[in-house]
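Below is a structure I'd like to ask you about.
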There are 2 protein chains.
Amino acid sequence: MVKRTTKKYTVGIRIWINEEQGHFMGIGRVRLLEHIRETGSITNAAKAMKMSYRQAWQMVEDMNSRSDKPLVEKILGGKGGGGAKVTEAGEKAISLFYKLEQKIEQISNELSGLINL
Amino acid sequence: MVKRTTKKYTVGIRIWINEEQGHFMGIGRVRLLEHIRETGSITNAAKAMKMSYRQAWQMVEDMNSRSDKPLVEKILGGKGGGGAKVTEAGEKAISLFYKLEQKIEQISNELSGLINL
DNA sequence: AACCGGTATGTTTTTTAAAACATATTGAAT
DNA sequence: ATTCAATATGTTTTAAAAAACATACCGGTT
């Protein structure tokens, strides 16, 4: 028995991807992309996440305009009024993010073990 | 020449310490502790950081009440009206935080190299 | 050409967090 | 016992972010 602390502490970590202008994509936007993939539209993705369509649309717009290739392809009008789909570049971004997050997750656990308050 | 991306991306990371009830101490509170150490009071620390005394006081209160031993010792009344000083436990928390942050910093750089968007 | 459901975008309202303000309390020093 | 500067705490105001609302546009389908 070496430690005699009463409280239990852990290390919390948040990770995101920065583009030149700053914050580009965090877990929230990744989830949005996934919901777009599932539902086929920004409207329904937003509903599923209980966020406003406006905000969801703006996030997509921001990501698209700041990445080399758009992460979401938007379809205007037509059958069903249109929709949105995650592009190949979008899928790549999603999996990259999870890869990074996974590495961090494990490191977070290691660091928690170092706490000696 | 293997990569041909136009944009440059980096990984951003935030780290903090959780106590059982959740967020306990991040970089903001660490800086507050350091300013208290420098100035000898919550009042002056808050001024130096351009935050309201009220908020600074509440942060100290929160940290003290949730840690085993208080991180800040507050002196009420007396010479100069009183003051505040960082305890041994407080100093320990500060250096632990920086130690964790430093490890993370380096990992952040490594991960940035993995980005291939 | 009328319909439909989603995109696109401006405007207003609500919510929430932070700041600002106000005042009482404390205790050593004079 | 008065003073002083800091702690302690309640109340009000401001500011920023999110949500809500409203409406125009778009283009296959019928």
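So that the names make sense, note that chain A is the first sequence line, chain B the second, and so on, each numbered from 1.
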Closest of C/dG6, C/dT7, C/dA18 to the A/A84 side chain is C/dT7

In short, salt bridge (charged side-chain N to carboxylate O under 4.0 Å, His left out) pairs touching residues 87-105 of chain A with sequence neighbours left out are A/R37-A/E91

note: A/I42, atom CD1; C/dG6, atom C1'; distance rounded to Å ~ 9 Å

Contact under 4.0 Å: A/T43 side-chain N or O vs C/dT7 OP1/OP2 | yes

Would you classify B/G82 as touching base, sugar-phosphate or nothing, given that sugar-phosphate means primed atoms plus P, OP1 and OP2, and contacts are heavy atoms under 4.0 Å?
sugar-phosphate

Assert: residue with more 5' nearest nucleotide on DNA chain D, out of A/G78 and A/M51, is A/M51

### Task
Please tell me if the side chains of A/V60 and A/K74 come closer than 4.5 Å, counting only heavy atoms from C-beta onward.
yes

Do NZ/NE/NH1/NH2 and the carboxylate oxygens of B/E73 and B/K85 come within less than 4.0 Å? no

Neighbour count >12 (heavy atoms, 6.0 Å) for atom CD, B/E38
yes

Side-chain contact, heavy-atom cut-off 4.5 Å: B/I15 with A/L111?
yes

A/N64 CG to C/dT7 C1', in whole Å, measures 13 Å

Between the CZ atom in B/R66 and the CD atom in B/E19, the distance rounded to the nearest 0.5 Å is 4.5 Å

In whole angstroms, the gap separating P of C/dG6 from CZ of A/R54 amounts to 19 Å

From CD of B/Q55 across to C1' of C/dA19 the rounded distance in Å is 9 Å

From NZ of A/K50 across to C1' of C/dT15 the rounded distance in Å is 18 Å

Under a 4.0 Å heavy-atom criterion, DNA chain D is touched by chain B from D/dA5 to D/dT11

Atom CD1 of A/I75 and atom P of C/dA8 are separated, to the nearest Å, by 10 Å

Determine the contact category for B/G81: base if any of its heavy atoms lies under 4.0 Å from a base atom, sugar-phosphate if only primed atoms, P, OP1 or OP2 are that close, otherwise nothing. base

Taken to the nearest whole Å, CH2/B/W57 to P/C/dT26 is 14 Å

- Task: Could you check whether the rings of B/W16 and B/H23 sit parallel, tilted or perpendicular, using 30° and 60° as the cut-offs?
- Result: parallel

